[in-house]
Amino acid sequence: MFHQRLSACRIAIAWLGSILSAASFATAQTPVAKQPPAARAKQDDAAGKPKSETDKADSPKPKDELDAEIEKRLKAKKKKEETKDDFTLSAVRTSPSDTITYFKQNHWTLFHLDLTANNKDETVEIRTGYEQVPETPHEIRFRRLIHLVKGERRYYRLPVLRTHKPSHKGFEFALYHPDGVLPITPPGIDKQPCTRLEGDQFLMVVLSPEPENFRFLGSMQCVLPGSETDDEPAELRRYYYPIYPQGTRALVADTALGWTTTSYAIWDDYDPDSLTARQQEAMIDWLHLGGQLIISGGAAATKLGQSFLAPYLPADVVAGAGGELTDLSTLSQNHLTARRFHQPQARQEPIRILPSKPVYVATLEPRPEAEPVPPEVRQGEFPLVVERRVGRGRVVMAAFSLYQPELVNWGGGYDTFWRERLFRVRETEPNPNFRLGSTGRTYMRLSARELSRVRVAARDLAAGSRRRTLTQPDPNDPASEPAEIIYNPPRGFGGYQPPIRTDDGTNPVETDTVADWRDDTPVVQTARQALLDATGIEIPPPDFVLAAAVSYLIVLVPLNWVICRFALRRPELAWLAAPVIIVAFAVGVVRFAKLNVGFDTTSHEIDVLETFAGYPRAHLSRFTCVYSGSRRRCEFRFENAGALALPLPIAVEGVVRGQKAERLSIDWDMPTSVALGHNERYEVNPRSIGMIRAEEMRDLAGPIALEAAKPSGRWHVTNQSGLPLWDCHLVTGPRRTRLGDLAAGARVELVADGESFTAPRVIEGEPVEGRTAIEDGRMAGHSLFADLGELSPLGLVELIEERIGDPLLGTGTWLVGWTPKPTGGQAIDPGPDRAVGFTIVLCNLGKP
């Protein structure tokens with residue numbers, strides 16, 4: 001009983017203690033009313049207390065204290081800034097994408113590095129890692145000198161070309177102090193992974209304030225063929241990778257050499273002034289080389305009437321004359337759904353348009369240069385799609401917005417509309433031999449030549465295809481890659497369709513490529529051989545080297561001893577005969593190699609200039625050979641800051657003995673020029689040669705203009721390029737017509753013959769000393785020039801005239817001629833004792 005009472009007392013005491021604690025806490029949290037400073041001071045004075053600390057804080061601080069506090073804060077801020085890294089590398093991107101980095105083998109890729117200097121203005125170099133160039137003894141890196149302004153964040157571009165399949169699918173970038181050895185850390189070496197495009201895959205860039213509206217393109221059959229039934233992943237099945245640049249300034253390339261992987265550009269209400277002058281110029285160059293521009297119409301198309309694209313538009317938008325349509329049955333009736341393996345039969349689907357939400361259609365007035373509008377794309381009086389040719393490319397304008405919900409929801413019919421009217425590609429047919437459960441593709445894949453019109457004559461003329469396999473590389477071996485075999489199709493390959501084997505997943509698939517920078521194509525090989533012939537150097541074939549080595553050993557040892565032992569009966573004379581034999585073989589090898597050219601250093605240059613009627617710019621390919629009688633290092637520099645260059649192998653079969661160069665740097669976009677060499681110069685060994693290949697887009701003095709004389713129905717060509725053209729021919733398909741010489745500023749009359757041009761008469765040029773006419777039937781109408789020495793244009797001109805008519809490089813008539821001097825704009829340091837060269841000019845005149 002006592003214990004129970006004791007427990008009850010303890011509980012009561014604990015309860016009372018908790019009540020007292022809660023009361024004291026509430027009293028402590030009760031706010032005390034503040035008194036005004038004056039009243040508080042009056043109470044303190046009455047009580048005889050000193051001034052409180054609060055009153056001291058309320059009184060103004062002296063100026064010295066304020067200055068000291070401000071200085072303290074500035075020092076703290078400066079100390080905080082000093083803790084930042086000198087540089088910040090935020091991102092690495094490739095044109096035209098600002099999210100994913102893409103690269104394609106044998107195509108120039110324009111990288112953009114997002115850089116910021118945090119502490120002060122800096123001058124640094126962007127460098128890539130060294131990579132071995134196949135079939136050459138060269139290791140190449142790409143480099144650019146840049147100037148960073150403190151706190152300014154911007155993209156700095158650097159072009160890179162990879163001509164081989166590396167063991168890794170990425171690139172290394174780093175910042176260096178000028179001529180420094182070690183990378184700046186941080187950021188250190190950035191290993192940038194990339195999405196690799198196959199030879200038959202291309203990019204499609206959407207230029208729009210709201211590019212997300214075109215997301216539907218990524219799932220179209222004409223963009224991503226096949227289905228999930230295919231063994232290949234979607235990345236390998238894809239024809240085009242749609243690019244949706246964000247922001248007000250797209251990262252499109254500012255040189256046409258960086259556009260070769262882009263097949264289409266879609267323009268939708270994009271501000272033309274968002275592109276720089278160099279980007280605008282590059283886009284026009286790309287159009288002439290075969291790019292295709294698709295303009296989403298409606299009211300948005302009126303912005304282009306005063307832009308840099310105005311001269312190339314196929315139609316004009318008639319202001320205030322548009323209309324709203326609720327019936328687009330013409331499109332639905334003429335564009336059936338796209339066929340797939342699971343839907344092998346095409347069918348008609350209606351375009352459902354609500355009466356309350358009609359589709360706005362602008363009134364387009366086609367220009368004279370536009371192609372005729374077929375009835376399949378005309379709704380009443382409204383032409384819905386108008387297009388025109390621009391060089392090798394085309395510009396297509398739609399009268400309505402291409403992302404209208406009613407059209408996007410049309411489904412398979414809209415897929416066919418894009419393929420037939422906007423892309424102009426053949427249908428991807430279902431594979432009739434495919435069976436469920438088998439391996440291979442459910443579709444018949446299109447070739448690269450059908451998926452892109454971008455071509456470069458010096459790269460693509462008579463070029464072969466590249467074969468790859470469907471076999472996946474070994475995941476345990478990072479260096480394993482699908483094998484590649486060069487395939488050269490026969491003459492007249494314009495309509496050649498590579499066969500596609502889909503019976504199992506390991507059989508090879510022949511995949512051709514376009515606009516590849518390769519050193520095994522006919523133009524490059526012919527130019528290289530012409531340069532070798534001009535230097536007087538002949539590379540001994542392997543059979544000769546083997547025969548010479550075996551003969552040397554046989555004569556030097558057994559034959560020498562047998563003759564001295566049995567014929568002369570003096571075996572000790574074999575020792576005296578050995579030096580004579582060695583000297584004799586050395587003289588014989590030198591005579592066979594024909595190394596005596598008469599100069600210490602010589603330079604031979606062959607240029608191929610490709611342009612289009614009425615366009616004052618041209619694509620220039622240079623092939624330069626330097627012979628040196630003594631060991632020297634040289635540097636190639638170009639006036640055009642956008643020029644791109646690489647060493648050219650002397651032989652396709654492999655590295656030639658004696659051709660040796662240490663690591664080379666490709667300096668791009670320098671203040672005055674672009675250089676190949678610089679600190680690590682291109683080395684030419686004694687009594688040997690070195691070769692360089694370069695490309696650029698170049699301004700001409702004027703265009704080669706083609707004009708129609710309306711009263712007479714005749715046509716006139718005026719040579720305003722500033723280049724005198726010799727031995728001109730008009731080439732249309734397999735037919736060649738001799739035109740003669742076309743002097744600078746000269747004008748000649750042509751006659752339209754169906755879809756081609758012919759010359760009514762041959763123009764005889766002015767007599768030139770040293771010029772010799774060649775009249776041997778097949779080469780009639782050509783000439784040689786004594787000042788060029790052994791450098792002859794006949795082989796390359798004959799190749800071009802024979803193959804330029806192939807549909808691969810575009811239809812119409814070509815004007816082919818040559819001038820007995822190089823184009824200029826290239827400097828070699830130190831300069832050669834003798835420099836000669838010539839330029840072959842190709843101009844696409846189009847159709848009458």
Side-chain angles (χ1 to χ4, degrees), residues 200-206 208 211-230 232 234-244 263-268 292-297 327-353 359 361 374 376-379 384-385 387 394 396-432 434 441-448 450-453:
D200 55 358
Q201 292 181 322
F202 301 90
L203 301 179
M204 175 198 312
V205 58
V206 178
S208 172
E212 302 296 330
N213 293 332
F214 290 86
R215 286 283 179 183
F216 65 88
L217 291 173
S219 59
M220 281 188 168
Q221 179 76 356
C222 57
V223 174
L224 178 62
S227 63
E228 296 300 326
T229 308
D230 289 273
E232 286 182 301
E235 291 74 15
L236 289 180
R237 289 189 286 116
R238 184 175 294 280
Y239 287 148
Y240 306 105
Y241 280 88
I243 306 298
Y244 309 100
S263 183
Y264 297 96
I266 301 171
W267 194 290
D268 174 65
Q292 301 177 73
L293 176 64
I294 300 172
I295 300 173
S296 180
D327 179 20
L328 290 176
S329 57
T330 300
L331 294 183
S332 60
Q333 293 172 3
N334 292 284
H335 301 86
L336 304 181
T337 58
R339 296 187 297 162
R340 302 172 184 263
F341 174 74
H342 299 290
Q343 298 176 352
Q345 298 298 324
R347 63 183 186 277
Q348 180 179 334
E349 289 187 356
I351 303 175
R352 296 178 174 85
I353 304 176
V359 175
V361 177
E376 293 83 2
V377 289
R378 183 184 290 273
Q379 186 73 33
L384 301 180
V385 177
E387 69 173 272
R394 52 194 282 267
V396 187
M397 179 182 288
F400 49 85
S401 176
L402 292 175
Y403 59 86
Q404 288 275 358
E406 295 80 4
L407 296 174
V408 175
N409 295 330
W410 182 15
Y414 201 37
D415 190 316
T416 303
F417 171 80
W418 272 81
R419 178 182 59 79
E420 291 184 355
R421 305 301 168 189
L422 303 182
F423 289 167
R424 291 286 187 184
V425 296
R426 187 168 57 88
E427 179 185 13
T428 300
E429 300 177 358
N431 183 8
F434 182 82
R441 292 173 173 159
T442 63
Y443 63 98
M444 305 296 291
R445 190 170 183 85
L446 300 180
S447 65
E450 297 176 278
L451 299 173
S452 175
R453 297 191 180 193

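- Closest heavy-atom contact between Ser401 and Leu407: O-CD1, 4.0 Å.
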Please walk me through it: do Ile295 and Val396 pass side chain to side chain contact (heavy atoms under 4.5 Å, CB included)? CA-CA 6 Å; Ile295 300 173; Val396 187; over 6 Å; no
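- Under the 6.0 Å cut-off for aromatic ring centres, Tyr264 and Phe423 qualify, their centroids lying closer than that.
- Across Arg340 and Met220, no two heavy atoms sit closer than the pair NH2-C, 4.5 Å.
- Salt bridge status for Glu376 with Arg378: absent, with no side-chain N to carboxylate O gap under 4.0 Å.
- Using a 4.5 Å heavy-atom threshold, the side chains of Leu402 and Ile294 count as touching.
- Residue Val425 comes nearest to Glu450 through the heavy atom pair CG1-O, 3.3 Å, listed as atom of the first residue, atom of the second, then distance.
- Using a 4.5 Å cut-off on side-chain heavy atoms (C-beta onward), Asp230 and Arg237 make contact.
- Salt bridge annotation for Glu387-Arg421: absent, with no cationic side-chain nitrogen under 4.0 angstrom from a carboxylate oxygen.
- Side chains of His342 and Thr442: a donor-acceptor N/O pair is absent below 3.5 angstrom, by distance only.
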Intermediate values then yes/no, side chain to side chain contact (heavy atoms under 4.5 Å, CB included), Met204 and Ile266: CA-CA 8 Å; Met204 175 198 312; Ile266 301 171; 3.8 Å; yes
Yes or no on side chain to side chain contact (heavy atoms under 4.5 Å, CB included) for Trp267 and Ser296, after CA distance, side-chain angles and deciding distance?
-> CA-CA 6 Å; Trp267 194 290; Ser296 180; over 6 Å; no
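- Atom-to-atom distance recorded for Leu328:CG and His335:NE2 is 11.5 Å, nearest 0.5 angstrom.
- The side-chain heavy atoms of Tyr240 and Ser263, taken from C-beta on, include a pair separated by under 4.5 Å.
- Taking a cutoff of 4.0 Å between a charged side-chain nitrogen and a carboxylate oxygen, Arg441 and Glu232 qualify as a salt bridge.
- Here the options are Glu420, Arg419, Met444, Gln221, the test is side-chain contact (heavy atoms from CB on, under 4.5 Å), and the partner is Glu427; only Arg419 passes.
- The two residues Leu446 and Tyr239 make their nearest non-hydrogen contact at N-OH, 3.0 Å.
- Of the inter-residue distances, the one linking Arg426 atom CZ with Cys222 atom SG reads 14.0 Å to the nearest 0.5 angstrom.
- Glu212 CD: more than 12 foreign heavy atoms inside a 6.0 Å radius.
- Aromatic ring pairs are classed by plane angle as parallel below 30°, tilted from 30° to 60° and perpendicular above 60°; the pair Phe216 and Trp418 is perpendicular.
- Ring pair Phe202/Tyr241: centre-to-centre distance not below 6.0 Å.
- How far CD of Gln348 is from OG of Ser329: 9.0 Å, rounded to the nearest 0.5 Å.
- Residues Val359 and Glu406 are in side-chain contact: their nearest non-hydrogen atoms beyond the backbone lie under 4.5 Å apart.
- The aromatic rings of Phe417 and Phe400 lie tilted to each other, with the angle between the two planes from 30° to 60°.
- At distances below 3.5 Å, not a single donor-acceptor pair connects side-chain atoms of Thr337 with backbone N or O atoms of Ala346.
- By the 4.5 Å heavy-atom criterion applied to side chains, Leu331 and Ile351 are counted as neighbours.
- Contact between Arg238 and Pro225 at its shortest, heavy atoms only, is CA-CD, 4.3 Å.
- For the residue pair Ala338 and Thr416, the shortest heavy atom distance occurs at N-OG1, 3.4 Å.
- Within the 4.5 Å cutoff, the side chain of Pro430 has heavy atoms near those of the Arg339 side chain.
- Rounded to the nearest 0.5 Å, atoms CG (Asp415) and OG1 (Thr428) are 9.0 Å apart.
- Here CH2 of Trp410 is found 10.0 Å from CD1 of Ile353. Values are rounded to the nearest 0.5 Å.
- Within the 4.5 Å cutoff, no side-chain heavy atoms of Gln379 are placed close to those of Val361.
- For Phe341 and Tyr443, the distance between ring centers is not under 6.0 angstrom.
- Arg424 CZ: more than 12 foreign heavy atoms inside a 6.0 Å radius.
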Go through the steps to decide whether Val377 and Thr330 satisfy the test side chain to side chain contact (heavy atoms under 4.5 Å, CB included), and finish with yes or no.
-> CA-CA 7 Å; Val377 289; Thr330 300; over 6 Å; no
